[in-house]
Peer 1: 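My questions will all concern the structure given below.
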Amino acid sequence: MTVKITTHEQAKTLIETHDTFLFDCDGVIWIGDELLPHVKETIGLLQALGKTPIFVSNNSTKARTDYVAKLAGFGIGGIETSQIINSAYSTAIYVHEVLRLPKDQKVWVLGQSGITAELQLLGYETVTFDDLEAAAAARGAAPLAMEDVHELVDPGVGCVVVGLDFQLTYLKLGVTLQHLLDGKTPFIATNIDSTFPFKSTRLPGAGAIVETVAFASGREPDAICGKPNAGMMDSILAHHRLDKTRTVMVGDRLNTDMRFGSANGIDTLLVLTGIDREASVAAGHDDVSFYANALGDLYTLYNSV
Ligand SMILES: O=C(O)[C@H](O)[C@H](O)COP(=O)(O)O
Ligand SMILES: [Mg+2]
């Protein structure tokens with residue numbers, strides 16, 4: 001039975017019956033670089049009550065340290081790097097601990113610095129199109145073009161990672177494809193979100209980029225590392241002991257956040273500020289335990305006596 005959180009008692013009970021709050025970020029904590037209303041106060045209230053916030057994001061554009069800094073920039077302090085589990089981190093862990101890619105093999109990354117930073121922290125050399133552009137500029141060569149494509153394939157690449165890239169180009173896709181044409185170089189996707197919530201709309205998500213590479217290469221990803229896949233929970237459990245009966249996943253997306261929570265046997269709270277905003281859909285959805293108009297409602301309702 002799905003419950004909409006609309007009263008002081010409901011907010012108080014939800015908070016008092018959970019110790020660990022897994023927070024999705026895009027569409028829940030913020031939209032782009034805009035913090036959503038009363039989010040800072042809500043997290044501050046939870047921290048004051050001794051609750052543990054853990055930020056579990058499919059966004060791979062930033063490294064965990066960047067998330068700590070972004071949260072601090074909004075006045076949300078006291079967050080350790082271990083409380084950030086994003087798809088860049090879970091992907092790096094996958095390459096290192098599951099794929100066990102030898103460190104003398106490079107990782108080709110179609111994505112942003114979150115992915116390269118987390119892979120480099122684990123000792124991998126990463127290669128991106130931007131690296132190739134910089135190398136061409138350093139030797140005084142002309143900007144890279146399609147005609148250069150054969151020279152841009154790095155024989156030292158042993159794995160391809162694809163994630164969200166706000167600076168996507170045809171040539172980035174083209175060089176990524178070259179590394180997958182052998183049919184065996186591992187193809188790892190950070191996540192499969194079809195869209196990215198931005199301002200009052202949505203933009204193509206990492207999943208749209210992954211699907212483009214998959215369609216062109218005729219290959220599905222060998223692994224998808226973000227929610228709802230088990231690797232994200234493994235990454236959380238590597239750092240935190242969870243009592244799943246007192247843990248809640250707070251998200252904006254049914255097929256990632258709510259599915260992730262439900263599949264892991266934890267309560268879920270859908271907030272209608274991101275991708276999935278239909279209360280009628282939330283009310284009847286098997287993966288949704290609770291729903292609310294916004295995360296900040298927990299704070300305003302808790303204090304509305
Ligand atoms: O396209 C993407 O990668 C996702 O839309 C986005 O980054 C999701 O982030 P989350 O809502 O899991 O914080
Ligand atoms: Mg989200």
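Remember, predicted model here, so these are calculated numbers, not experimental data. Every number for a ligand or one of its atoms is a count from 1 in the order of the listing.
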Peer 1: With a 3.5 Å cut-off and no angle check, do the side chains of Arg241 and Thr20 form a donor-acceptor pair?
Peer 2: no
Peer 1: Name whichever N, O or S atom of Asp24 ends up nearest to the Mg ion (ligand 2).
Peer 2: OD2
Peer 1: With atom 5 (O) of ligand 1 as the reference point, say which of Asp252, Thr195, Asn191 has the nearest heavy atom.
Peer 2: Thr195
Peer 1: From the options Thr273, Val250, Ile43, Asp24, select the one residue that forms a side chain to side chain contact (heavy atoms under 4.5 Å, CB included) with Ile29.
Peer 2: Ile43
Peer 1: The Mg ion (ligand 2) is nearest to which N, O or S atom of Asp26?
Peer 2: O
Peer 1: Ignoring angles and geometry beyond distance, decide whether Ser60 reaches within less than 3.5 Å of ligand 1 through its nitrogen or oxygen atoms.
Peer 2: no
Peer 1: Can you name the atoms of ligand 1, numbered from 1 with element, that are less than 4.0 Å from a heavy atom of Lys227?
Peer 2: 12 (O)
Peer 1: Indicate the ring-plane relationship of His239 and Tyr89, choosing parallel, tilted or perpendicular according to the 30° and 60° boundaries.
Peer 2: tilted
Peer 1: Report the nearest protein non-hydrogen atom to atom 1 (O) of ligand 1: residue, atom name, distance rounded to 0.1 Å.
Peer 2: Ala206 N, 2.8 Å
Peer 1: Have a look at Asp252 and say which of its N, O or S atoms is nearest the Mg ion (ligand 2).
Peer 2: OD1
Peer 1: Treat each ILVMFWY residue as a node, draw an edge where side-chain heavy atoms are under 4.5 Å apart, and state whether Leu99 and Leu121 are in one component.
Peer 2: no
Peer 1: Quick one about Ser262 and Asp287 (side-chain donor to acceptor, distance below 3.5 Å, no hydrogens or angles considered), yes or no?
Peer 2: yes
Peer 1: Answer with yes or no whether the side chains of Thr91 and Thr190 bring together a donor and an acceptor at under 3.5 Å.
Peer 2: no
Peer 1: For ligand 1, indicate whether the residue Asn59 contacts it via side chain, backbone, both or neither (heavy-atom separation under 4.0 Å).
Peer 2: both
Peer 1: Any idea which protein heavy atom is nearest atom 10 (P) of ligand 1, and the distance to it?
Peer 2: Asp24 OD1, 2.7 Å
Peer 1: If two hydrophobic side chains count as joined below 4.5 Å and joins carry through other members, does Trp108 share a cluster with Ile209?
Peer 2: yes
Peer 1: Under a 4.0 angstrom heavy-atom cut-off, which atoms of ligand 1 come close to Ser57?
Peer 2: 9 (O), 10 (P), 12 (O), 13 (O)
Peer 1: Just jot down the ligand 1 atoms closer than 4.0 angstrom to any heavy atom of Cys25, in number order.
Peer 2: 13 (O)
Peer 1: Out of Thr190, Val28, Asp193, indicate the one that has the non-hydrogen atom closest to atom 4 (C) of ligand 1.
Peer 2: Asp193
Peer 1: Side-chain donor-acceptor pair under 3.5 Å between Thr245 and Asp243, yes or no?
Peer 2: yes
Peer 1: Answer with yes or no whether the side chains of Asn86 and Asn59 bring together a donor and an acceptor at under 3.5 Å.
Peer 2: no
Peer 1: Quick one: nearest non-hydrogen protein atom to atom 6 (C) of ligand 1, plus distance?
Peer 2: Asp26 OD2, 3.4 Å
Peer 1: For ligand 1, which atoms have a heavy atom of Gly205 less than 4.0 angstrom away?
Peer 2: 1 (O)
